[in-house]
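The figures here come from the full heavy-atom set of this structure, side chains too, leaving out hydrogens, waters and symmetry mates. Throughout, protein chains are lettered first and strands after them, A, B, ... in sequence-line order, and every chain is numbered starting at 1.
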Amino acid sequence: MSTSQAQSLAYEVAAPAAPPKFPLDQWYVAGFAWELKDKPIGRTLLGQPVVLFRTADGRPAALEDRCCHRALPLSHGTLEAQGVRCGYHGLLFNGAGQCLEVPGQERIPTKARVPAYHVRERDRIIWIWFGSAEHREPTCEPPAYEVHSSGEYLYDGGVYHYQAPYQLIHDNLLDLSHLGYVHLRTIGGNASIHMNARMRVESDDSSVRVVRHMPGSVPPPTYTAAYPFRGKVDRWQEIEFRVTHLRIWTGAVDAGSESLDDPRRGGFHMRGFHGVTPETESTSHYFWTIATNPRSNPEETKAKVVEQTVMTFDEDKVVIEAQYRNMLAFGPRPLVDIHVDVGANRARRIIERLRQAS
Amino acid sequence: MSTSQAQSLAYEVAAPAAPPKFPLDQWYVAGFAWELKDKPIGRTLLGQPVVLFRTADGRPAALEDRCCHRALPLSHGTLEAQGVRCGYHGLLFNGAGQCLEVPGQERIPTKARVPAYHVRERDRIIWIWFGSAEHREPTCEPPAYEVHSSGEYLYDGGVYHYQAPYQLIHDNLLDLSHLGYVHLRTIGGNASIHMNARMRVESDDSSVRVVRHMPGSVPPPTYTAAYPFRGKVDRWQEIEFRVTHLRIWTGAVDAGSESLDDPRRGGFHMRGFHGVTPETESTSHYFWTIATNPRSNPEETKAKVVEQTVMTFDEDKVVIEAQYRNMLAFGPRPLVDIHVDVGANRARRIIERLRQAS
Amino acid sequence: MSTSQAQSLAYEVAAPAAPPKFPLDQWYVAGFAWELKDKPIGRTLLGQPVVLFRTADGRPAALEDRCCHRALPLSHGTLEAQGVRCGYHGLLFNGAGQCLEVPGQERIPTKARVPAYHVRERDRIIWIWFGSAEHREPTCEPPAYEVHSSGEYLYDGGVYHYQAPYQLIHDNLLDLSHLGYVHLRTIGGNASIHMNARMRVESDDSSVRVVRHMPGSVPPPTYTAAYPFRGKVDRWQEIEFRVTHLRIWTGAVDAGSESLDDPRRGGFHMRGFHGVTPETESTSHYFWTIATNPRSNPEETKAKVVEQTVMTFDEDKVVIEAQYRNMLAFGPRPLVDIHVDVGANRARRIIERLRQAS
């Protein structure tokens, strides 16, 4: 899709009211590479119904999910080499939203086209750019995520649909102190260890980093099953928040064997990717992968890690959706902040500033 | 029900705001004769909750579906020789809406009555008249549909409830070009034949007629199974739109044997009746029958035709409801017309004019 | 919970608009004693989401069902000796709403507390007091219901959730004439007997009493199975409406053996308790018990009485919810009163007067 096409097509999309509900000049996760197969996918992102598909050259495309003829979602259509064909009267559109064919007539009406969005595939993640009025064109490349492509890790992932605004998911991910209360049945362990672990919080204009080190810990069962630790371990938990996604990287080395501050440290790693994309103001998509580098029983260990991750995320979803329903029931009322909210509150300030700016 | 009763009872119904949402001076389909058995039927028609039943003399009756005592739907009640008895406190109403009995007291309050609607049974179809302020009384008889009563045809039918406004169903029925895309799995066949068949569209103040002839066609399997064709056939598709119902009559004769323009032509016929009645502004009832005149295996052929018709209508419902949800999601936005929309657009103009006039 | 705590905490609850939707200076049923076990219960009462639980001393407590930290319902939490611990970040609150612990920090923020409600357990019923601005403190004790604690009766009960306003349930309970139409399949019997039984209605500022005597009746099967009647019986039905609950006490003695006006009369008794508590303006909780004093096969008779009661209440629920949906569909429109509405109409006047006054 050429730049000029994307620009000229963009006029049909309603101009967002000021300030927009979400920071717009960002690459958001629209899906994973393995989701785009033989059928178009319909997904509402930042309030815009979008149809995602691959063209014959393998490149991802994203169009407004509405045939310009009679408004059927194009995601109800079928894929052909040239693009997506509407499932009602058969109009055919290419990845740039141009209508290539109107069955039953020779002439293609000038207005027969649908808006296209900028979309990129990088490291098995499909990214989409909506852009503010000033930045319809992306101002940067989408983020890399080498964990998916370096070959060092086994990973798997999925997508959750949340009946809750996306920032409540940020809050949850930026604060691992809830492990001891929400995840009693899975990875929770001792609540007070999680609540009282020393925590370092750093932030800048567009990111927040929360680091917790737990030296000399007893390694949890998943760790010992996956990696030949000799005894106690030095553990780390590192959370990096970006406006549209987070990394939660955890792991351990043999106690005293390496510096936890060395980014190239060895040991056992669990690396989580968390793309949190608003569907609407009150609902969200949560795209995740979990990657590990097990030395022993690699496939079995990966499967176990994924299974536990899913159980954990299921628990979070129950809590976050209940939290949101209750917020709606009570309406806007003051909340009390506590110590563990530092990271989440900084993330909220970043988003609020970007929202006002875009 | 005498005229004066219906008029005097009508005062309780809220006067519709101008212009009304639907053309009012029309006979709409309320149901089929065989639906009115031993229980009252509750059905909202043109925004009015109505209870339908038969009185002891076999005549259909239609009352506002609300007991005047404590507002329980009368359709929750039971039928007696004299009328319908409310299922809460037992008030009994006749087909004109008069209260005949109030259990526990001798005197029947003057105001104890419910509005009655004009209703007629003709050719196994139950028709209802709401009427504008000027035309509370029907200005004509309900339409005939001899296919149901001539004895020449075997037929069956049913009722769909649509989460979509009724005019989207008109659009669908007036344009058979969608067969090749929506009905791929059933009667679709070759899309380009359907899209490119020559089409004749005629219309007047209250009807639209779309005719397509396909001479020298290979007869489809259902046709050959039902009728002893000698080889190729001349096929026709005739759609007649009226404000409250459509006829879609299709069929074939041996190629070159008879004029397709002769209304008394022989051959194999499939005759569809389609009563489309608004339930509310955004939901609809779709009453249909399909009739055939098979020469071979009549009951088996009819059953097959009905089965395929149901599969086809199921497919339409999925598309039309998805279309409407998408229209709601995007709000009012321009659409692009193409060639096959001619018939549907004329039907929309007829309805808009009648709506403004009533 | 001390009085001063409840007062000081109350400020966070939004002041109700005048006039309130429900009489506020009343004890409403919040639940039954046996519901408060090892888990907190979340229940919206008079529009207020409330969490109910017992503290270690066995006393019931009721807090606003919203953690003051991040708004998760406290009913998603867990019970400890000291109170309820939030299921997200582990804040611990006692029965007065005081925060006793914030995991991860020493200091407890001054504002970390949740509003508490006055709650009492009496005769196995949990009562809650909301109170108007002038009467935050209860002005009386909650009602006694000795049937639950006297030891003379076997009883059981349950809770229904109604998609209907609570006054429609009052209407139903205050008028037993519907038995012959709604409860045809259970306790209905002959409709005209119920409709035409002589009825005495008395009322004062806060209660309505409806009494029906049916001397010399044939005892129904449940009665004869439970009690050694000698032949015909003198039956009574006594309904007492109070603003937040009703008693429906029925029974029979051997015909002519005792005065039905003697409150200490013997014979067979069925005593129903009906606590009707608004959940919201349009939904309700219906707490009920049914008690009997069978002489024969006590447990078996009780089980049969409870089973029939549940079937009867199921039928009422269908009717009342259909009635309410229809009222919404038709909007405010006049209704016609009949003879059997006397008791229900008096109850409505009492509630309207109290609502205006509080």
Quiz item: Going through the distances and angles, do V102(A) and V336(B) end up as a side chain to side chain contact (heavy atoms under 4.5 Å, CB included)?
Solution: CA-CA 11 Å; V102(A) 177; V336(B) 176; over 6 Å; no

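The heavy-atom pair separating Y88(A) from I320(B) by the smallest distance is OH-CG1, 4.0 Å. The two atoms that bring A322(B) and P73(A) nearest to each other are O-CD, 3.7 Å, heavy atoms only. Nearest heavy-atom pair, V319(B) versus L72(A), reported as atom, atom and distance to 0.1 Å: O-CD1, 3.3 Å.
For Q82(A), the CD atom sits in a loose shell: 12 or fewer heavy atoms of surrounding residues, nucleotides or ligands are nearer than 6.0 Å. By the neighbour-count criterion of 12 heavy atoms within 6.0 Å, atom NZ of K317(B) is densely surrounded, having more than that number from other residues, nucleotides or ligands.
Counting heavy atoms from C-beta on, the side chains of Y181(B) and T78(A) never come closer than 4.5 Å.
For R107(A), no part lies near chain B; criterion is any non-hydrogen pair under 4.5 Å. Contacts of L91(A) with chain B are made by side-chain atoms alone, with heavy-atom separations under 4.5 Å and no backbone atom involved. Using a 4.5 Å cut-off between heavy atoms, D316(B) does not touch chain A at all. At a 4.5 Å heavy-atom cutoff, the contact between H69(A) and chain B is made by backbone and side-chain atoms alike. Heavy-atom distances place the side chain of P109(A), and not its backbone, under 4.5 Å from chain B.
D341(B) and H89(A) share no donor-acceptor pair across their side chains, judged by distance under 3.5 Å alone.
Here the CZ atom belonging to R66(A) is positioned 7.5 Å from the CG atom belonging to N326(B), to the nearest 0.5 angstrom.
Salt bridge R70(A)/D337(B): present, at least one basic N to carboxylate O contact under 4.0 Å.
Of the possible donor and acceptor atoms, none in the side chain of Q323(B) sits under 3.5 Å from a partner among the backbone N and O of A71(A).
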